[in-house]
Amino acid sequence: MTRILLASLSAVLLTTLAGPAWSQAPAQPAAPAAPAAPARPAIETRKVDGTENVYIFRNGNHQAMFVVTPEGVIATDPVAYGKPTGGQQYVDEIKKITNAPIRYLIYSHHHYDHIAGGKAFKDAGATIVAHKRAKERLEPLKDPNTPLPDELVDTNRTITLGGTSLELTYVGLNHSDSTLVMRLPREKIVFIVDLLPVARMPGRGMIDFYPLEAEDSIKKIIAMDWDRLIPGHPDAGGRLGTKKDAEQQLALLQAASAEMKKMGQDGKCWDTAEKEFKLPDYASLPGYEQGLPFVARRYCGLWGRGT
Ligand SMILES: [Zn+2]
């Protein structure tokens, strides 16, 4: 009896759900036929070309690297800010690839847009690792979705798991005061978040940006042994960065700093500098116009104020 009732109910539900969609749709004016670009899925996982076990997980406009080994997974950045199920979706994507446990979750730095959602990894048994200052930053905020790190890095640490090594290096103050550079020495791949956008203008945020120290950090990173860079945002169509891209960002920051130094000393910070600041050599970079006032503001914090 119950079974029959359930079957009838299912039939009704199915009929309702499968009803003609157009029947309730408002009338639409005829639109000119245009070839629709294929929509980018909200979530995407892809293996990095030329590697056996390095993956990029993207959620919206943020992305993270994870490495699969026979003894477990090393994941980075949950990238689930404002996405309550994002951490679990990332865990689920990993589970589609391997049954090995998620052993580590590394926070690239303390900014929530990259590390909110770590709870799903903690619940899955991962040990969370971050720079020591990330813990100091996160502790007062007490976000239930973003657990504090279990283990802290001061200047460097190498995680070795299932035949893969991942080096974590603190190269100093830069985009934040807690940024870890992650390097896979065998694959010659680095994962660096926000400090080195690939072929785009730096943008919003970075209120805790350290302009002069960032240049030093980038020089140290360029001196490391790597060929490809996975950024924290899928810039430049999602391609990986190169040392040439890192050199371009360094040159851009140096040019911005020199220009803003003049404005700061001419007394133009903040409002006038934000309006007048231009970097014509970089005008073709995506995000150029939107990024200009943000970049100007950061350097006013240095040249217009003193540190
Ligand atoms: Zn950040």
Side-chain angles (χ1 to χ4, degrees), residues 56-66 75-83 86-87 90 105-118 121 128-141 143 145-149 152-153 168-183 190-218 220-221 229-236 238 240-241 245-246 249-250 252-253 256 285-287 290-299 301-302:
I56 296 172
F57 169 78
R58 180 183 61 76
N59 190 347
N61 197 37
H62 290 72
Q63 62 186 19
M65 174 183 83
F66 66 93
T76 68
D77 288 2
V79 291
Y81 182 63
K83 300 177 173 108
Y90 185 176
L105 173 69
I106 323 287
Y107 289 161
S108 62
H109 63 308
H110 68 274
H111 294 167
Y112 272 166
D113 63 324
H114 292 274
I115 64 162
F121 290 79
I128 301 178
V129 181
H131 185 258
K132 62 178 184 181
R133 220 160 275 129
K135 186 178 182 186
E136 292 167 18
R137 298 287 184 192
L138 296 172
E139 218 155 22
L141 305 179
D143 176 26
N145 202 27
T146 312
L148 296 178
L152 303 178
V153 179
L168 312 176
T169 308
Y170 178 73
V171 292
L173 300 168
N174 41 65
H175 163 81
S176 73
D177 61 3
S178 64
T179 304
L180 288 177
V181 172
M182 305 189 207
R183 188 176 82 96
V190 286
F191 174 55
I192 301 170
V193 175
D194 289 347
L195 173 59
L196 281 169
V198 173
R200 75 169 286 119
M201 185 78 175
R204 185 190 297 278
M206 297 157 83
I207 53 167
D208 49 349
F209 181 69
Y210 297 84
L212 298 179
E213 294 88 339
E215 292 178 17
D216 290 339
S217 288
I218 295 173
K220 286 182 196 166
I221 291 166
L229 178 154
I230 300 174
H233 297 273
D235 298 328
L240 273 53
D245 293 311
Q249 279 295 321
L250 176 60
L252 185 159
L253 294 181
L285 284 184
Q290 306 93 301
L292 280 172
F294 296 117
V295 174
R297 203 170 299 169
R298 272 170 230 145
Y299 284 100
L302 171 66

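Computed from a prediction, not measured in an experiment: that's the story for all the values here. One-based numbering, in listed order, for ligands and for the atoms of each.
His111 contributes atom ND1 as its closest N/O/S atom to the Zn ion (ligand 1). Taking the Zn ion (ligand 1) as reference, Asp194 places its N/O/S atom OD2 nearest.
Under the rule for a side chain to side chain contact (heavy atoms under 4.5 Å, CB included), the partners of Arg133 that lie at least two apart in sequence or sit in another chain are His131, Glu136, Tyr170, Leu173, Asp177, Ser178.
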Could you walk me through whether Leu196 and Ile221 pass side chain to side chain contact (heavy atoms under 4.5 Å, CB included), step by step?
CA-CA 10 Å; Leu196 281 169; Ile221 291 166; 4.1 Å; yes

Walk me through whether Met201 and Gln249 qualify under side chain to side chain contact (heavy atoms under 4.5 Å, CB included).
CA-CA 8 Å; Met201 185 78 175; Gln249 279 295 321; over 6 Å; no

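Here His62 and His111 keep their ring centres 6.0 angstrom or further from each other.
None of the N, O or S atoms belonging to His114 lies under 2.8 Å away from the Zn ion (ligand 1).
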